[in-house]
Amino acid sequence: MQQQYPYQEIEQQSQAFWEANNSFVAQQTSNKPKYYCLSMFPYPSGKLHMGHVRNYTIGDVLSRYHHMKGFNVLQPMGWDAFGLPAENAAIQNNVPPAQWTFDNIAYMRKQLKSLGFAIDWSRELATCQPEYYKWNQWLFLRMLEKGIAYKKTQVVNWDPVDQTVLANEQVIDGRGWRTGALVEKREIPGYYFNITGYAQQLLDDLDKLPGWPERVKTMQANWIGKSTGVRFAFTHDIKDNNGALIDDGKLWVFTTRADTIMGVTFCAVAAEHPLATLAAQNNPELQAFIDKCKQGSVMEADMATMEKEGMDTGLFVTHPLTGEQVPVWVGNYVLMTYGEGAVMAVPAHDERDFGFAKKYNLPIKQVIEAGELKEAKSGIKSNNFSEKGIEQLNKAISDNQFTTSRWQVWYEEKNGNCINSGKYNGLKYEAAVDAIAADLKAKGLGDKQVNWRLRDWGVSRQRYWGCPIPIIHCDSCGDVPVPDDQLPVKLPEDCVPDGSGNPLNKLESFVNCTCPRCGKSAKRETDTMDTFVDSSWYYARYASGFSNEAMVDAQTNYWMPVDQYIGGIEHAILHLLYSRFWSKVMRDLGLVNYDEPFANLLTQGMVLNHIFSRRTDKGGIEYFAPEEVELIHDEHGKTIGAKALKDGLPVDFQGMGTMSKSKRNGVDPQALIEQYGADTARFFMMFAAPPEQTLEWSDSGVEGSHRFLRRVWNLGYLLSGIEKADLPNKLTGNLAASRREVHSTLKQAGIDLSRQQFNTVASAAMKMLNALEKVQKEAEPHWQAVAHEGFSKLLRLLSPIAPHITQSLWKTLGYGEDILKAPWPEALASAMVQDEVEYVVQVNGKLRGSITLSKSMEKSQIEAIAVNQPFVQKHLENASVRKIIVVPNKLINIVVG
RNA sequence: GCCGGGAUGGCGGAACUGGUAGACGCACUGGACUCAAAAUCCAGCGUUGGCAACAACGUGCCGGUUCGAUUCCGGCUCCCGGCACCA
């Protein structure tokens with residue numbers, strides 16, 4: 001008999017129960033181990049999307065699981081509430097960003113609650129609250145005192161659409177990360193954080209993060225981009241128009257291959273280099289080339305394939321060791337923004353230099369013995385030895401084992417003796433670099449140096465809806481920090497931006513102030529901070545009491561570091577790197593005692609859905625929502641086409657992509673909750689794919705999940721009328737088998753849950769239900785006891801994923817009041833013992849049959865029985881048994897020949 | 001080019017340290033119930049041949065180790081993500 005599954009009622013009741021019992025309010029206690037589970041907080045854009053649902057369900061499953069495992073769990077939630085969309089919405093709707101933001105927060109909070117997340121709402125925060133951003137300002141001032149924050153005027157990335165500065169990290173392929181507009185270069189004064197001062201630590205401490213995905217660590221290491229080498233100068237007496245020596249007569253370069261310094265045959269400088277600028281003054285041809293280079297750099301897409309081009313400046317510099325005159329060229333492959341904007345060129349041992357020298361007929365001088373080996377293997381990038389590379393190389397050498405021919409070549413070159421190098425002849429890589437660096441140092445013309453790809457973090461934004469930078473500009477005193485007792489500098493919340501620049505500039509009540517130092521009238525800084533500042537420490541604030549007297553308190557060190565952080569891979573570099581940096585700054589200021597904020601990181605995959613489209617007559621693309629399309633199957637169930645419902649004409653059905661409005665393939669979580677309930681939404685999300693992989697949306701998959709929960713409800717309803725009896729001492733037959741199935745499935749599910757493979761946990765729950773339904777239907781003696789035992793385990797296993805239905809049934813069936821407080825279900829070994837075991841029998845590794853044998857049987861006996869099976873004898877007609885392999889309780893392989 | 005990850009039925013995906021490949025679900029096919037449909041329940045479902053029992057083949061490709069390989073080793077191909085003229 002079918003019961004309906006009243007999910008709405010169930011979910012409301014369960015949520016009311018949690019609310020009334022403050023079930024998720026975390027206390028700082030010492031008798032349990034702590035577990036801080038954090039999902040990246042959302043930007044309050046209006047309403048939740050499926051990515052949020054997936055992210056927060058993963059976090060919730062982990063939180064509830066650890067609750068039941070006896071951990072003291074903290075799972076907070078908040079709002080990354082500053083940012084541009086609020087301003088854009090304000091311009092469109094004539095509403096102050098604050099109001100828009102708070103309205104969105106209210107709606108989204110309601111949505112999160114309707115999904116039943118075990119969140120400690122007492123710790124909710126929004127980064128746009130003065131009580132929060134006060135501490136951005138406070139820490140900013142401390143960083144200013146320490147020199148970690150500083151002001152400089154620099155060429156910056158300017159987003160012409162958002163009218164603001166972008167950090168390097170926010171420029172993707174020459175375009176703004178949010179607007180997609182082509183980024184311009186502008187000179188603007190602003191504040192910077194000296195993140196490069198922490199580069200070494202940020203790199204080294206990646207090794208302290210075994211719980212992070214390898215790819216995220218690699219991405220960060222690449223981004224930090226350490227390279228070790230020698231910085232040295234060629235000397236010259238080239239003067240500018242005023243007769244002053246350019247750069248004090250030194251052309252500085254950086255190289256990782258100082259061992260090849262004796263092979264320098266020319267130098268190449270960037271188009272923006274002062275020497276290039278000077279040489280171009282009387283050389284229109286060179287000027288034209290330089291202009292072309294500068295222009296070209298905008299077209300990022302062509303960079304990779306761009307031909308190496310250059311032009312002679314006619315200038316010469318002096319080699320610091322040989323004293324030779326070396327020609328200076330302008331090269332389009334030299335970057336002004338990396339190193340010194342100039343390079344030494346050794347065509348014999350660097351691929352790019354080689355190509356350049358060949359093209360312009362410049363001399364090539366071999367100075368390393370094994371040079372010809374390189375030429376034999378073209379395409380070998382010999383110009384950089386990354387640290388990781390050298391490490392691997394050394395390992396390969398010591399193991400005397402080369403995994404690829406490439407390592408062989410690197411090894412040969414690195415171990416080649418210097419030749420044609422005067423006093424350095426016979427030295428190998430490291431010795432040569434040491435000797436050369438020492439000689440350069442003695443001459444005052446160079447030394448070993450480490451170069452970083454990472455730049456300092458520019459945090460000034462010419463925007464309204466952000467945290468004000470606490471600085472006052474005084475004509476007499478200059479830039480004066482706002483005193484601590486005047487913090488926070490509150491952002492006026494009633495401004496409505498009109499789209500032309502920063503409205504704070506026009507707000508006299510904000511701008512006009514008095515200088516805290518001399519008391520004269522002064523102007524307040526109107527730039528606000530990059531919103532990545534806000535998100536760089538919110539996790540520490542959650543963990544702390546919300547004191548107005550301190551940024552964080554002692555509680556922080558109890559909860560931190562975050563035990564499990566969950567969020568999208570798109571934050572692999574920006575947010576995670578900034579947060580790590582910020583933590584180290586807070587540590588150095590004595591505020592916290594941890595080095596790294598996030599012990600374990602889970603990067604969840606994106607949520608994809610089908611894209612149905614059709615080319616229109618006009619050459620455009622028309623998109624169809626999934627409900628506007630009907631799929632066409634063949635008799636095997638294979639999808640062979642799709643047609644639009646409105647006209648019956650075919651549409652393309654093979655596309656798959658992230659949910660978006662423009663592609664018309666979005667699914668609204670709210671509609672899903674209303675139609676199927678939160679438990680179904682959560683269950684499907686966990687079941688459809690492992691958490692790190694992309695998840696392909698499927699309406700029929702959602703229905704399948706709903707069907708499963710309805711069956712759970714039905715069995716629960718049925719069992720609610722059946723008395724709970726004790727299990728007999730010994731079960732037999734089908735009942736014993738079903739119980740074994742329940743327990744062994746549970747055992748595997750426990751393992752899967754601990755390694756965060758939630759999809760197989762969900763399928764384990766399904767398997768357990770299948771077994772229990774069988775128990776119920778067969779109704780052998782004692783089935784009631786087996787069903788109740790199994791069902792109570794099923795409910796607890798399922799409860800982190802589908803908390804409402806399980807809480808409701810837990811109570812209805814009289815198992816307990818609060819399933820969250822129930823002990824985690826463990827599989828019983830006694831339920832899994834077997835007297836008889838099914839052995840698979842193979843002949844020469846091929847499956848030929850199976851036999852059921854007593855578990856206590858001797859090996860020799862097993863072998864004899866197996867060989868006598870007819871399906872084995874068949875294969876012995878023209879052959880004899882050579883060997884028999886018995887894997888206990890599993891498999892017998894008879895080798896014949 | 002470098003770094004990281006991946007490739008398993010019609011689809012999403014299982015298979016812990018080498019041991020029954022395809023768990024679980026979806027789709028599809030047939031049946032039961034129904035006046036009928038939906039829902040539900042039962043059965044089937046890798047490919048090829050065969051009425052069937054069964055046999056052969058099968059985890060991107062080529063080769064190796066092993067009694068036995070989706071799993072380990074060597075060499076490729078393709079796909080996804082990140083970085084990229086980094087000196």
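Protein chains get the first letters and strands the later ones, always in sequence-line order, with residue 1 at the start of each.
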Between Lys767(A) and C24(B), does any side-chain N or O lie under 4.0 Å from OP1 or OP2? no
*Check against ring-ring contact (aromatic ring centres under 6.0 Å, His included), Tyr333(A) and Phe356(A)*: CA-CA 10 Å; Tyr333(A) 66 93; Phe356(A) 197 88; 5.4 Å; yes
- OP1 or OP2 of G25(B) less than 4.0 angstrom from a side-chain nitrogen or oxygen of Ser698(A), does that happen here? no
Do any side-chain nitrogens or oxygens of Asn893(A) fall under 4.0 Å of OP1 or OP2 in G19(B)?
no
Output one line per pair: protein atom, nucleotide atom from nucleotides 79-82 of chain B, and distance, for all N/O pairs under 3.5 Å.
none

message: Please confirm whether the shortest side-chain N or O distance from Arg707(A) to OP1 or OP2 of C26(B) is below 4.0 Å.
response: yes
- prompt: Reckon Gly704(A) touches a base, only the sugar-phosphate, or nothing at all at heavy-atom distances under 4.0 Å?
  reply: sugar-phosphate
Do Phe683(A) and His706(A) have ring centres separated by under 6.0 Å?
no
Rounded to whole Å, CZ of Phe684(A) lies from C1' of C11(B) at a distance of 12 Å
As its Watson-Crick or G-U partner within any shown strand, both distances under 3.5 Å, C16(B) has none
* Can you check whether Ile640(A) reaches His633(A) side chain to side chain, under 4.5 Å on heavy atoms? -> no
- Please work out if Thr694(A) contacts a base, only the sugar-phosphate, or nothing of the nucleic acid, heavy-atom cut-off 4.0 Å. sugar-phosphate
Check your understanding: Would you say Lys874(A) reaches A55(B)'s phosphate, i.e. side-chain N/O to OP1/OP2 under 4.0 Å?
Key -> yes
- Message: Quick one about Asn844(A) and Arg882(A) (side-chain donor to acceptor, distance below 3.5 Å, no hydrogens or angles considered), yes or no?
- Response: no
When rounded to whole Å, the CG to C1' distance for the pair Leu746(A) and C24(B) reads 16 Å
- For C45(B) versus G25(B), give the span between their P atoms, rounded off to a whole number of Å. 15 Å
His610(A) atom NE2 is separated from A27(B) atom C1', nearest whole Å, by 11 Å
Out of A55(B), G68(B), U20(B), minimum distance to the side chain of Val840(A) belongs to U20(B)
Could you tell me whether Val334(A) contacts a base, only the sugar-phosphate backbone, or nothing, with contacts defined as non-hydrogen atoms closer than 4.0 Å?
base
Quick note, Met766(A) side chain, CB onward, closest among G25(B), G4(B), C26(B) is G25(B)
(Q) Using OP1 and OP2 only, check whether a side-chain N or O of Gln757(A) sits under 4.0 Å from A14(B). (A) yes
**Prompt:** Hey, does Arg882(A) reach any base, or is it just sugar-phosphate, or nothing, if we go heavy atoms under 4.0 Å?
**Reply:** nothing
Between Gly339(A) and Gln748(A), the residue closer to the 5' end of RNA chain B by nearest nucleotide is Gln748(A)
Atom CG of Leu631(A) and atom C1' of G10(B) are separated, to the nearest Å, by 12 Å
*asked:* Would you say Lys777(A) places a side-chain N or O within less than 4.0 Å of OP1 or OP2 belonging to C42(B)?
replied: yes
For a quick check of understanding: with a heavy-atom distance under 4.0 Å over all strands, which category does Arg231(A) fall into, base, sugar-phosphate or nothing? nothing
Regarding the side chain of Glu214(A), the nearest nucleotide among G4(B), C86(B), C24(B) is G4(B)
Re A55(B): Watson-Crick or G-U wobble partner, both distances kept under 3.5 Å, found to be U48(B)
Nearest-nucleotide check on RNA chain B, Val343(A) vs Arg755(A); residue mapping nearer the 5' end is Arg755(A)
Ranking C28(B), A23(B), G13(B) by distance to the side chain of Ser763(A), first place goes to A23(B)
Closest to the side chain of Asn332(A), out of A21(B), G19(B), C85(B), is C85(B)
Q: Between C72(B) and A15(B), how far apart are the P atoms? Round to whole Å, please.
A: 14 Å
Side-chain atoms of Glu838(A) come closest, of G13(B), U20(B), A14(B), to U20(B)
Practice problem: Pick the P atom in U47(B) and in C11(B), then give their distance to the nearest Å. | Solution: 11 Å
Looking only at U40(B), U20(B), A87(B), the nucleotide nearest the Arg710(A) side chain is U40(B)
Quick check: Tyr7(A) with Trp713(A) (ring centres under 6.0 Å apart)? no
- Task: Rounded to whole angstrom, note down the P distance from C35(B) over to A27(B).
- Result: 27 Å
Taking any heavy-atom pair under 4.0 Å as a contact, classify Pro213(A): base, sugar-phosphate, or nothing. nothing
request  = Would you indicate what Asn770(A) reaches in the nucleic acid, counting non-hydrogen atoms under 4.0 angstrom: base, sugar-phosphate, or nothing?
outcome  = sugar-phosphate
Partner of G60(B) under the Watson-Crick or G-U wobble criteria, both distances under 3.5 Å, comes out as C76(B)
Separation of the C1' atoms in G6(B) and A55(B), to the nearest angstrom: 35 Å
Using distance alone, with no hydrogens and no angle criterion, decide if Ser850(A) and Glu838(A) have a side-chain donor and acceptor under 3.5 Å apart.
-> yes
Regarding the side chain of Gln693(A), the nearest nucleotide among C28(B), G68(B), G13(B) is G13(B)
Sorted by chain and number, sequence neighbours left out, side-chain hydrogen bond (donor to acceptor under 3.5 Å, both in side chains) with Gln869(A) holds for none
Q) Without hydrogens or angle criteria, can the side chains of Asn451(A) and Ser227(A) be said to hold a donor-acceptor pair below 3.5 Å? A) no
Checking U40(B), A87(B), U20(B) against the side chain of Gln842(A) (C-beta onward), the nearest is U20(B)
Looking only at atom C1', what distance separates G1(B) and U71(B), rounded to whole Å? 31 Å
Side-chain atoms of Val895(A) come closest, of C28(B), C67(B), C24(B), to C67(B)
Roughly how many Å apart are A39(B) and G18(B), using the P atom of each and rounding to a whole number? 46 Å
Mate of A43(B) across any strand shown (Watson-Crick or G-U wobble, both atom pairs under 3.5 Å) is U29(B)
Side chain proximity check, Lys793(A) to His743(A), heavy atoms < 4.5 angstrom: yes
Between CH2 of Trp697(A) and P of G13(B) the distance, given in whole Å, is 15 Å
Is the shortest side-chain heavy-atom distance between Leu797(A) and Leu746(A) below 4.5 Å? yes
Residues at least two apart in sequence or cross-chain that pass salt bridge (Lys or Arg N to Asp or Glu O under 4.0 Å) with Lys359(A), listed by chain then number, are Glu307(A)
Separation of A87(B) atom C1' from Phe266(A) atom CZ, nearest Å, is 12 Å
Scanning all shown strands, the Watson-Crick or wobble mate of C2(B) with both distances under 3.5 Å is G82(B)
*Contact under 4.0 Å: Lys217(A) side-chain N or O vs C3(B) OP1/OP2*: no
Rounded to whole Å, CZ of Phe653(A) lies from P of A27(B) at a distance of 17 Å
When we call it a touch if two heavy atoms are under 4.0 Å apart, what does Ile885(A) touch: a base, just sugar-phosphate, or nothing?
-> base
Checklist line | Separation of the C1' atoms in G13(B) and A21(B), to the nearest angstrom | finding: 13 Å
